[in-house]
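Atoms within a ligand are numbered from 1 in the order they appear, just like the ligands themselves. Numbering starts at 1 and runs along the sequence shown.
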Amino acid sequence: MTGAALQLHGVTKLYRSGRRFFGGVPVSAVDGVSLSIAPGETLGIVGESGSGKSTLGRIAAGIEAPSAGEVLFDGRQYARPGSTAWRKERRFVQLVFQNPADALDPRIRVREQVAGALAAHERLPPAERRRRVEDILHRVGLAEIAGRVPQQLSGGQLQRAVIARALVLQPRLLVCDEAVSALDVSVQAQVINLLMSLRTAFGLSLVFITHDLSVARHISDRIAVMRAGRIVETGDPDTLFSTPREDYTKRLVAAIPAMRHAPPVRPAAAERIAL
Ligand SMILES: Nc1ncnc2c1ncn2[C@@H]1O[C@H](COP(=O)(O)OP(=O)(O)O)[C@@H](O)[C@H]1O
Ligand SMILES: [Mg+2]
């Protein structure tokens, strides 16, 4: 047993290129990555498109196995993806992706989708199940509108529903892959603030993947910068921004529009900025 919630040792993922031009030569999407995440810690993973962030996120969450290297969650390896043991451990590790509409069933009311996720993972007396569902719906701010189907919700509300469905299981680790990237900036700030309060309430470890450094800066305790499958630099957000060591990181920081160097605005101030 170790202190870390999640440890990756020399993780590599090879994909066989589909393109004839490469003659089926394996491409390493992730190349020898080692890192650890403490209980309750938020690790931001940033890097340009194609740098391997999503692949690393899927491996960290255990939905994809590495080609080489080791992933330990609470000191133990994940079970083989798809196995019975693996389905059981899914409760403890949840993922949130970019497009919430794709993640939800369009025909089913939000409350039922959250309740269904809980029922699939835990046997609970009906009253207790209802209590857990209402509690999380309340925490994400959807209690009043959870009787609606996805089509009747905004993008931000849909992502809140996805977050509720993940957190009703009381996971230990949440992997967010571009979870706010499709939302308007003011809505991004709301969802990030929500995630920050939920992670404290639940003692969650968070892997927060984003191409947007200003978003990563706001939410992360520590940031890992990925380039071509490797982590080129890690550090606490303020140091990384003020004194990036690698040229690649300097370029990423320089690419942020000036206004967004500041942390995302709190919801109350959002409207003022928009004027
Ligand atoms: N399932 C896959 N099959 C083949 N190649 C893949 C697959 N997933 C990712 N890749 C390749 O691995 C590299 C990293 O992709 P990805 O992890 O999606 O990066 P990012 O999330 O940073 O944009 C890219 O070159 C991508 O084309
Ligand atoms: Mg990606």
Side-chain angles (χ1 to χ4, degrees), residues 6 8-35 37 42-71 78 80-82 86 93-103 155 158-159 162-163 166 173-183 188 191-192 195 206-220 222-235 237 240 244 246-256:
L6 188 74
L8 274 62
H9 298 293
V11 165
T12 292
K13 183 73 190 186
L14 300 172
Y15 289 119
R16 210 156 281 284
S17 164
R19 280 189 268 169
R20 254 174 198 281
F21 181 75
F22 293 109
V25 176
V27 174
S28 47
V30 174
D31 188 4
V33 167
S34 299
L35 53 84
I37 298 161
T42 298
L43 177 73
I45 298 179
V46 302
E48 62 195 356
S49 177
S51 57
K53 305 182 299 296
S54 293
T55 305
L56 187 63
R58 290 194 300 272
I59 291 171
I63 59 172
E64 201 165 340
S67 313
E70 199 180 39
V71 183
Y78 287 123
R80 185 171 47 80
W86 178 82
V93 188
Q94 288 287 302
L95 289 119
V96 177
F97 295 105
Q98 181 165 356
N99 295 315
D102 296 344
L158 289 173
Q159 200 59 298
V162 171
I163 291 166
L173 173 69
L174 187 67
V175 176
C176 294
D177 188 351
E178 304 284 4
V180 300
S181 303
L183 305 174
Q188 285 189 0
V191 173
I192 288 167
L195 281 170
L206 201 61
V207 174
F208 196 89
I209 296 169
T210 176
H211 68 280
D212 186 332
L213 267 70
S214 55
V215 166
R217 181 184 197 174
H218 190 58
I219 196 169
S220 307
R222 198 154 50 91
I223 294 180
V225 181
M226 278 194 91
R227 183 190 191 187
R230 298 186 179 180
I231 291 177
V232 294
E233 183 165 1
T234 59
L240 206 79
E246 298 289 323
D247 283 346
Y248 177 72
T249 312
K250 286 177 192 163
R251 284 204 301 277
L252 289 180
V253 171
I256 302 171

Check whether [X] reaches the backbone of [Y] with its side chain - one donor and one acceptor, N or O, closer than 3.5 Å.
X      : Y     : result
Ser181 : Gln98 : no
Ser220 : Thr42 : no
Tyr78  : Ala60 : yes

Side chain to side chain, Ile223 and Thr234, heavy atoms closer than 4.5 Å |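 Not in contact.
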Any Leu56 side-chain heavy atom under 4.5 Å of Val33 side chain =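 The answer is yes; the side chains approach within 4.5 Å.
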Could you tell me whether Arg222 atom CZ has more than 12 heavy atoms of other residues or ligands within 6.0 Å of it?
->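 Yes, the 6.0 Å shell around CZ holds more than 12 heavy atoms from other groups.
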Under a 4.0 Å heavy-atom cut-off, which residues neighbour ligand 1?
->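 Answer by chain and number: Tyr15, Ala29, Glu48, Ser49, Gly50, Ser51, Gly52, Lys53, Ser54, Thr55, Arg58.
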Without hydrogens or angle criteria, can the side chains of Ser214 and Asp212 be said to hold a donor-acceptor pair below 3.5 Å?
->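 Yes.
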With a cut-off of 2.8 Å, how many protein N, O or S atoms neighbour the Mg ion (ligand 2)?
->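 With waters ignored, the protein N/O/S count below 2.8 Å is 1.
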Shortest non-hydrogen contact from Arg58 toward Tyr15 =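 Scanning both residues completely, I find the closest heavy atoms to be NH2-OH, 2.8 Å.
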Please step through side-chain contact (heavy atoms from CB on, under 4.5 Å) for the pair Lys13 and Glu64, ending with a clear verdict.
-> CA-CA 9 Å; Lys13 183 73 190 186; Glu64 201 165 340; 3.3 Å; yes
